[in-house]
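As structure tokens, the structure follows; a few thoughts come after it.
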Amino acid sequence: MRLSHKDLSSIHDLTPDEFRAILDLADQMKANPVRHARSLERKTLAMIFEKPSLRTRVTFETAMTQLGGHAIYLAPSDIQLGNRESIPDVARNLERMVDAIMARTFHHDSVVQLARNSRVPVINALSDYSHPCQALADFQTLREVRRDLKSVRLCYVGDGNNVCHSLLFAVAKCGATLTVACPRGYEPLKQVVDLATLDAQETGATLRVVHDPAEGARGANAVYTDVWASMGQEAETEARARVFRPFQVNDALMEKADPGAVFLHCLPAHRGWEVTDSVADSPVSVIFQQAENRLHTQKAVLHLLAGGEIRP
Ligand code: CP
Ligand code: NVA
């Protein structure tokens with residue numbers, strides 16, 4: 001099977017069947033890693049980073065090794081996207097050298113430009129708009145703990161940011177339920193909510209945005225949060241902390257959710273800010289399972305986008 005798009009720029013680009021197929025393959029890769037040990041033999045992934053990373057770098061690099069290929073880490077200072085060289089020129093160089101490109105950028109348009117200007121697949125590894133690889137790992141995790149994704153009633157508490165956008169798209173692809181609870185002025189982009197709402201009509205997903213965390217958590221069987229200030233927003237840290245304080249995921253908020261509701265976080269976590277230690281380290285926390293699943297889901301994406309025949 002190949003995906004209908006050359007690139008993974010947003011979960012919105014996947015069909016519901018493709019979304020499920022990636023998760024199915026990720027489950028197979030997790031259960032039987034040896035089976036795909038040569039799937040990307042002699043293939044190379046270029047990893048462009050404009051921002052720091054622990055999970056994304058380590059899981060992509062490990063994924064390529066486990067699939068028989070190789071990854072090259074390109075630090076922010078190496079390429080200086082659009083500064084040392086134009087983004088189209090970076091893409092036109094790399095397509096002649098490597099079999100796939102992974103990019104973590106400030107501006108989503110940089111990922112789009114890389115994709116448009118290269119014949120090899122480009123994978124969005126976090127932009128200001130979305131974080132599709134994270135959502136795939138999140139939904140592999142949710143399926144492991146809840147079995148049927150349609151039974152997932154997720155509450156995302158916090159900033160309507162890149163992670164929130166990808167969760168909206170992912171929920172819409174699999175027919176689950178998502179309530180976003182965010183402060184006024186920090187809602188997800190209307191364009192994302194509108195696109196996800198259209199997708200939701202196909203799958204029966206339910207999407208809602210509220211401004212009261214307790215209202216959002218009520219009836220949820222999974223609670224998710226992310227940092228209040230994303231990478232690139234460091235100057236807003238203090239101002240955002242004041243706005244977001246009532247949106248902390250703590251024991252009191254978890255009590256509003258269903259008994260046994262699991263806790264998710266894309267990590268890194270700012271403990272004591274958006275989440276307390278008591279929640280992050282509780283038995284219902286699946287944050288490290290999510291982090292591990294970045295590896296399995298990205299192996300599936302790499303196999304589907306860059307596997308098979310060697311490109312000209
Ligand atoms: N969740 C995530 O993308 O982690 P990193 O920023 O460490 O890659
Ligand atoms: N919203 C966060 C996610 C980090 C994985 C950020 O963009 O920094």
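Whatever order the structure lists them in is the order used to number ligands and atoms, beginning at 1.
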- Cation-pi between Arg57 and Phe49: NZ/CZ under 6.0 Å from ring centre and within 45° of the ring axis?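 No, Arg57 and Phe49 do not form such a contact.
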Quick check: does any side chain N or O of [X] sit under 3.5 Å from a backbone N or O of [Y], one acting as donor and the other as acceptor?
X      : Y      : value
Arg208 : Gly216 : no
Arg240 : Ala229 : no
Ser285 : Asp281 : no
Thr276 : Gly272 : no
Asp99  : Thr44  : yes
Gln248 : Trp273 : yes

- Item | Within the protein, residues bringing a heavy atom under 4.0 Å of ligand 2, chain by chain |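 Shell around ligand 2 (4.0 Å, heavy atoms): Leu126, Asn161, Asn162, Val163, Asp226, Val227, Ser230, Met231, Leu267.
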- Item | Check against salt bridge (charged side-chain N to carboxylate O under 4.0 Å, His left out), Arg218 and Glu215 | CA-CA 5 Å; Arg218 209 169 299 127; Glu215 181 189 347; over 6 Å; no
- Query: Mind checking what residues have non-hydrogen atoms under 4.0 angstrom from ligand 1?
  - Reply: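 Within 4.0 Å of ligand 1, protein side: Ser53, Leu54, Arg55, Thr56, Arg104, His131, Gln134, Cys266, Leu267, Arg294.
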- Test salt bridge (charged side-chain N to carboxylate O under 4.0 Å, His left out) applied to Asp24 and Arg143, step by step: CA-CA 10 Å; Asp24 289 347; Arg143 205 165 67 165; 2.9 Å; yes
